[in-house]
Amino acid sequence: MEKGVYNFNEIEKKWQDYWETRRTFKAWEPASIDPASTWDDSKPKYYVLDMFPYPSGQGLHVGHPESYTATDIVARYKRMKGFNVLHPFGWDAFGLPAEQYAVQTGTHPATTTQKNIDNMRRQIKSLGFSYDWDRQVDTTDPNYYKWTQWIFLKFYNSYFDETEQKAKPIEQLPIPDGLSDDEERKFIDDHRLAYESEAPVNWCPALGTVLANEEVIGGLSERGGHPVIRKAMRQWMLRITKYCERLLDGLDECDWPSSIKKLQRDWIGKSIGAEVDFKVNGYDEVIRVFTTRPDTLFGATYMVLSPEHRLVDTITTDEHKDAVKEYIEKAAMKSDLDRTDLAKDKTGQFTGAWAINPVNGENIPIWISDYVLISYGTGAIMAVPAHDERDWEFATKFELPIIEVVKPPAPFEGCFTGDGTAVNSGQFSGLTTAEFKVKIAEWLESQNLGKAAVNYKLRDWLFSRQRYWGEPFPIVHLEDGETVALSQDDLPLVLPEVADYKPTGTGEPPLAKAADWLNVTLPDGRNGKRETNTMPQWAGSCWYFLRYMDPDNPDAAFTEAKEKYWMPVDLYIGGAEHAVLHLLYARFWHKLLHDLGYVSVPEPFKNLVNQGMILGQDNQKMSKSRGNVVNPDKIIVDYGADSMRLYEMFMGPLEATKPWNTQGVEGVHRFLNKAWRMIVDEDSGQLHSAVQKAQADEATTRLLHQTIKKVGSDIESIAFNTAISQMMIFVNHLGRQNVRPKDAIEKFVLILAPFAPHIAEELWRRLGHTDTLTYEPWPQYDPELIKEKEVELAVQVLGKIKDKIVVAADASEDQIKEKALASQPVQTAMSGKQPKKIIVIKSRLVNIVV
RNA sequence: GCCGGAGUGGCGGAAUUGGCAGACGCGCGGGAUUCAAAAUCCCGUCCUGGCAACAGGGUGUGGGUUCAAGUCCCACCUCCGGCACCA
């Protein structure tokens with residue numbers, strides 16, 4: 001009795017061991033690259049990638065297997081379709097939780113990380129995914145981060161050539177004549193794509209540390225509730241802003257969901273306008289502003305500088321000094337959130353200084369306010385209260401003049417921000433907004449007062465963290481103030497042991513405590529200290545998909561031939577939470593590597609799919625506190641990995657957010673059981689006696705071929721839920737037959753295999769095959785056999801169904817009309833009237849209009 | 001506030017992109033099998049009325065286009081996600 005039942009636990013263990021010991025899923029480069037390979041170049045390659053996870057102490061949750069199953073189905077399907085498939089896995093293993101645990105317990109983050117990786121790998125293996133584990137990468141492995149550091153040096157040792165719009169080695173940077181050594185060094189440093197800068201960070205004086213944005217809630221530290229201020233600190237930055245245009249353009253060749261592309265475009269935030277210089281009355285200074293509405297220049301009735309603007313100090317008159325100083329201090333105390341969130345009520349201070357509007361010579365007051373951001377544009381604006389809602393609000397509150405310069409096309413109350421016709425604008429009056437923008441840019445340029453300009457919201461990437469558990473920067477700060485980079489031969493620069501993992505009280509990172517490591521003497525005898533910041537978690541994930549191609553290479557990040565062969569990633573699946581940052585950063589790194597000739601394709605990810613979130617049974621986000629978290633381990637023990645995989649795919653479209661329902665797992669489990677019993681005799685464990693070498697009847701043949709077709713095309717379009725439902729229909733049909741042709745059974749097992757590989761392998765074996773089905777060719781369908789001989793048509797009278805008729809599939813329109821009109825219910829519905837028009841949709845319906 | 005996405009049975013969801021709404025699964029009801037239960041199998045299951053054949057209604061709401069609308073157009077409502085003074 002026992003030996004014939006579907007014992008999923010035993011079967012799954014057996015086949016996982018089989019795959020592992022035989023390296024079934026090992027990905028080989030073709031023989032032209034790796035002579036040991038049996039692949040040749042005639043086979044197409046397919047690179048299917050998961051967003052690698054952070055190895056959390058919580059282990060897997062049911063959201064992980066969702067995308068991993070999806071990519072696994074595609075990987076297994078593509079293998080059967082004859083593709084050479086690269087399907088790797090790895091760990092984004094630097095990160096805060098392990099470091100916080102280290103602060104609390106003293107356990108080295110590497111220990112915690114390794115333990116978590118081991119646990120999660122065990123969980124992932126228990127789902128039977130077809131990863132090539134020989135290619136596993138771990139961002140915290142010095143053999144990996146050696147190359148992360150190497151890429152950082154590429155940024156450091158490159159500059160951006162504006163005319164060619166690409167990065168080049170820093171040695172090629174044209175240096176102006178007549179610079180002193182120091183000036184020359186500064187000139188070079190100012191052009192590096194990795195550079196140091198004072199940048200505002202979230203500094204918590206009470207905790208003595210810098211906090212990440214998500215650790216600051218309403219201006220207070222998440223832990224302890226202490227005030228957090230913005231403080232300028234020396235930081236490493238990456239010059240991503242040089243790539244704005246390229247990052248925008250590159251999106252055109254990405255087959256991504258348009259919503260994700262839009263998110264990226266909005267994040268980069270390109271806007272077209274003009275820069276205009278306003279003279280400060282009584283000073284030899286100009287305030288440069290950026291505006292998208294240079295056509296409203298005549299309506300500029302005041303200016304606003306951000307509190308951090310460099311001219312504030314210079315131009316503020318004595319009588320306003322105290323108030324301005326106080327305002328600046330208050331603004332500095334506010335977090336970013338406070339400055340934007342409670343923005344309803346505008347604040348500001350008059351500096352006492354005046355500027356001259358270049359188009360009409362008017363004297364206009366200069367204010368400061370924190371509604372102007374130092375980090376966008378020039379940190380200063382011309383305020384046009386008649387046509388900008390923020391300026392309108394400010395002007396109303398501080399009783400500043402409002403002058404209309406754009407006449408709305410239709411009567412309008414309040415602040416009009418749309419396009420119209422210019423009024424009160426001197427010689428430009430009467431122009432449309434669009435015409436005006438062109439003319440004024442020309443005029444400004446001719447007067448040397450400004451020019452057309454483009455601005456982006458995207459800012460340079462703050463690339464350093466005051467943390468221990470991250471990649472160390474391969475940088476030394478010398479005693480004389482010079483900063484030098486290590487050479488490639490000195491890599492990896494390995495994280496040192498430290499006494500404890502807390503930051504120092506002064507905000508210096510924990511690495512400042514590693515005295516032996518910190519102090520260095522260069523080969524030329526100069527002394528210095530190492531950089532103590534570390535890289536952010538994003539760093540390792542910017543290029544891991546490249547390392548998978550050549551994970552053990554000690555001499556290069558990856559070899560050229562392998563990169564040329566595997567790239568780009570054909571399918572990338574992961575969570576929508578990475579829609580902007582990870583994908584943008586990875587694209588940015590890729591463009592640098594492309595410019596320097598290390599990668600052959602300009603965009604790394606050809607196709608992208610975001611899986612949706614899985615909610616708890618209660619339709620709420622899964623969380624420990626709600627107690628609605630589903631543990632995959634438990635599901636696998638109770639129902640098996642195949643049922644787990646199948647259920648996650650059957651729940652609904654991959655991209656949709658959907659609630660978990662354990663009873664649904666039972667449903668797909670029943671399906672697998674049914675499929676098993678269709679093939680295996682439960683009493684004997686032998687093939688079921690109904691499984692015979694026999695010709696399938698017409699209905700079975702048709703359904704089989706329909707099923708092969710639908711499952712294949714559904715996999716191609718990532719519609720796994722409907723593929724599974726089609727397989728259920730097939731099993732419901734064939735399971736009822738007393739004769740189940742072996743040929744049909746075998747084809748079914750093969751198409752089931754990508755979804756439920758363990759049971760499929762076991763059935764394949766019991767059907768008499770001795771090898772894994774991994775590389776069996778995907779069954780073909782015959783379009784002729786799919787066609788129905790007879791079709792049922794609905795017959796409508798005035799759009800209402802009155803009857804159904806059965807006609808030959810190739811019946812002519814006239815034959816169909818005749819048969820439809822002959823129907824008794826149709827005759828009744830027509831009640832003797834003549835048909836005015838008869839619409840025949842072949843194989844669908846007939847509609848009679850009377 | 002702005003930008004996306006979505007509203008279909010008791011539930012998850014299908015619906016050749018304008019052509020029979022509710023495939024498939026869950027749940028529920030009934031039956032078979034069983035000493036009994038589990039498991040399995042069969043039948044039913046959008047709503048309303050009817051014993052029934054059948055009739056009428058039905059895809060968030062209201063309007064429109066069309067022989068025909070879940071699908072297209074206009075207005076609105078609700079939920080979810082993202083952004084949030086970017087000049």
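Since the model is a prediction, treat every value here as computed from it, not as a measurement. Here is how names work: the chains are called A, B, and so on, in the same order as the sequence lines, proteins then strands, and each is numbered from 1.
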Mind calculating the distance between CZ (Phe755(A)) and P (C24(B)) to the nearest angstrom?
18 Å
Run the side chain to side chain donor-acceptor pair (under 3.5 Å) test on Tyr456(A) and Thr241(A) for me, step by step, so that the C-alpha distance in whole Å, both residues' side-chain angles and the decisive distance to 0.1 Å come before the verdict.
CA-CA 8 Å; Tyr456(A) 304 89; Thr241(A) 50; over 6 Å; no
Check whether the ring centres of Tyr371(A) and Phe394(A) lie less than 6.0 Å apart, and answer yes or no.
yes
Check: C20(B) base within 3.5 Å donor-acceptor of Lys804(A) side chain:
yes
Describe the nucleic acid contact of Lys658(A) in one word from base, sugar-phosphate, nothing, applying a heavy-atom distance below 4.0 Å.
sugar-phosphate
Give a yes/no on whether any side-chain N or O of Ser271(A) is located under 4.0 angstrom from OP1 or OP2 of A87(B).
yes
Quick one: is Arg677(A) getting a side-chain N or O under 4.0 Å of the C41(B) phosphate, OP1 or OP2?
yes
Could you tell me whether Ile801(A) contacts a base, only the sugar-phosphate backbone, or nothing, with contacts defined as non-hydrogen atoms closer than 4.0 Å?
sugar-phosphate
Run the salt-bridge test on Lys397(A) and Asp345(A) with the 4.0 Å N-O cut-off and return the result as yes or no.
yes
Taking only Lys NZ, Arg NE, NH1 and NH2, and the carboxylate oxygens of Asp or Glu, determine whether Lys658(A) and Glu648(A) approach each other closer than 4.0 Å.
no
Looking across every strand, which nucleic acid part, if any, lies under 4.0 Å from Lys842(A) by heavy atom: base, sugar-phosphate, or nothing?
nothing
Verify the contact: side-chain N or O of Asn661(A) to OP1 or OP2 of G27(B), cut-off strictly under 4.0 Å; return yes or no.
no
May I ask you to verify whether the side chain of Lys836(A) and the base of C67(B) hold a donor-acceptor pair under 3.5 Å?
no
Could you check whether Ile838(A) gets within reach of a base, just the sugar-phosphate, or nothing at all, counting any heavy atom under 4.0 Å?
nothing
Glu792(A) near the nucleic acid: base, sugar-phosphate alone, or nothing, with a heavy-atom cut-off under 4.0 Å?
base
Between A14(B), C26(B), G25(B), which nucleotide gets closest to the side-chain atoms of Asn721(A)?
A14(B)
If you compare every side-chain N and O of Arg670(A) against the phosphate oxygens of C26(B) (OP1, OP2), does one of them come in below 4.0 Å?
yes
Taking only N and O in the side chain of Lys710(A), is any of them less than 4.0 Å away from OP1 or OP2 of A15(B)?
no
Most 5' of Gln663(A) and Met382(A) on RNA chain B, judged by nearest nucleotide:
Gln663(A)
Rounded to the nearest angstrom, tell me the gap between atom CH2 in Trp267(A) and atom P in G82(B).
12 Å
Between Asp803(A) and Ser823(A), what is the shortest heavy-atom contact and its length?
OD2-OG, 2.7 Å
